[in-house]
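Here is the structure we will look at, set down as structure tokens.
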Protein chains: 2
Amino acid sequence: MTPQHSPFARKLGAFVVLSPEELQLLDRLHSRRRTFPARRDMIYEGQVDRSAYILASGWVSSYKLLPGGTRQIVDFQIPGDFLGLRSVLFRTADHNIEPITRVQASEVQVHDLLDAFNTAPRLAAAVLWAASRDEAMVVEHLVDIGRRDAKQRMGHFLLELGARLKLVGLGSNEGYNCPLTQYLLADALGLSAVHVNRVLRELREDGLVSFQNGKVIFKDFDGLVELSEFDRHYLDHEGPLMK
Amino acid sequence: MTPQHSPFARKLGAFVVLSPEELQLLDRLHSRRRTFPARRDMIYEGQVDRSAYILASGWVSSYKLLPGGTRQIVDFQIPGDFLGLRSVLFRTADHNIEPITRVQASEVQVHDLLDAFNTAPRLAAAVLWAASRDEAMVVEHLVDIGRRDAKQRMGHFLLELGARLKLVGLGSNEGYNCPLTQYLLADALGLSAVHVNRVLRELREDGLVSFQNGKVIFKDFDGLVELSEFDRHYLDHEGPLMK
DNA sequence: CGATCACGCTGATCCAGGTCAGTCATTCTT
DNA sequence: AAGAATGACTGACCTGGATCAGCGTGATCG
């Protein structure tokens, strides 16, 4: 895997070693590059003519709206992530996808993907793996919301995001830039914005992390890992599983 | 799709129309049939020599344990469901899988699956679709726990389970048999067992559902759908998407 | 056949986090 | 430059659900 390939190819490379032909196929998926402004849905629940996207730059949120007017953010996507896979495979999109910042992404249509699978079945396995990894993250959020208190939840979330950003070269154990507002955090963590604010203050006062002016800074990484019961190996892949 | 095929084939058939050859391939996946007693883990977190299974009969729970001793049940599996896909694709299993009742399941190894993908790439797409459907359910649980109160949560859960059982012929809008204890419900819904009991009583007193002696009986289906903000079309697939 | 266990069920009390109702500092508009 | 948004931040108060402590019943077992 060489750096001239897309972050998406890099991600899949963590699972299978891809041949030059397979890499070329992947690069061809990136031909339809599009730009989206912040805050206008790229995909919305119920939409029928759906596309999927591979994120090149910017941040995106996937969420569901409830009749009561509240929303639950299921996950944030960062560069290299696949968006809207489910909306392509299902008859209609089952969730909304909204850019948080200005976003650049490559549009992928169902048949592009299926054609790629036909010519290179190993790609199918790789995409299945990537989808499973996403599911693992959703599962972790479920555990977060179901069984951790607000402070642990926030800590775990900030650490996970850090780990993901590190993988694509946008963060380190020192910290990272983060365009999320406290409202977005609240909707992702199942808390109120007010409480998010309180929790962030507590974490700051405890000397664990600070999140101010769009910057997350880990003050006591190990302490935070311990508080949040964060599994250091979760999302870790040391070398491809399949040759 | 004819009934002599496995529930798993039936499920995939909801996405792609499968050729006789593809069906045969799927049936071959069912060769290693195994039986498991209730309550002994089939797969546990950190396990390295992992298999996946296709459930033939019985109920299973997938859960995560937290250091504090609590657990979060991520999902229950019923006949026709794939179990432990992630534990096959990842280096080690990231969650536990425990039978609730006595269980019969077919063991599937990674290479079985990959061989099948190689000979029939459309199967890969179908499995990807099934995995995405599972993810959609996890997402729904996330919304449940994050943004619905205990009563809605319970209602939504019982309705979803009903819909899933109906698909495999084990339930109807009248009700279904359900071997889950209040403790299991609690761990799945992020509640305490005590509160589960109270919520079930309230739902019963409201004349919406009763859950007694291993039987869920819908007394006022529409009322429950409304209370729980249940989307009737979620998990509905009228005819395959791809020919 | 008494003991133990699993499960359902209940009342009393407590607290994490929600809700309400703001203030203040920065942009973004016009 | 006034006004309108947006986002961070606070204190006062309220409540859904947790926790604790205990009862009843039927099944299993030595």
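Chain letters run A, B, ... following the sequence lines, proteins first and then strands; every chain starts at 1. Note that these values count all heavy atoms, side chains included, but never hydrogens, waters or copies made by symmetry.
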Task: B/Y53 and B/F36 aromatic centres sub-6.0 Å - done: yes
Open item on the list: Can you identify which nucleotide, out of C/dG18, C/dG17, D/dA18, has its nearest atom closest to the B/H195 side chain?
Closed with: D/dA18
Open item on the list: What I want to find out is whether B/E98 reaches B/R39 closely enough, with some N-O distance under 4.0 Å, to be called a salt bridge.
Closed with: no
TODO: Using the six-membered ring wherever Trp is involved, compare the ring planes of B/F90 and A/W129 and label them parallel, tilted or perpendicular (cut-offs 30° and 60°).
DONE: perpendicular
Task: N/O donor-acceptor pair, side chain A/R39 with base D/dT6, under 3.5 angstrom - done: no
Open item on the list: Checking contacts here: which listed nucleotide (D/dG17, D/dG7, C/dC9) is nearest the side-chain heavy atoms of A/Y183?
Closed with: D/dG7
TODO: Ignoring backbone atoms, establish whether B/R201 has a side-chain N or O less than 4.0 Å from OP1 or OP2 of C/dT10.
DONE: yes
Task: B/Q182 CD - C/dC5 P separation (whole Å) - done: 21 Å
Open item on the list: As a test of reading the structure: which of D/dA8, C/dT19, D/dA21 is closest to the side chain of A/T181, going by heavy atoms?
Closed with: D/dA8
Task: Gap between atoms CG and C1', on A/N213 and C/dA25 respectively (whole Å) - done: 12 Å
TODO: Taking the side chain as every heavy atom from C-beta outward, state whether A/L161 and A/L180 have any pair of such atoms under 4.5 Å apart.
DONE: yes
Open item on the list: What's the closest nucleotide to the side chain of A/N197 if the choices are D/dT10, C/dG18, D/dG17?
Closed with: D/dT10
TODO: May I have the distance from B/L184 (atom CG) to C/dC7 (atom P), rounded to whole angstrom?
DONE: 8 Å
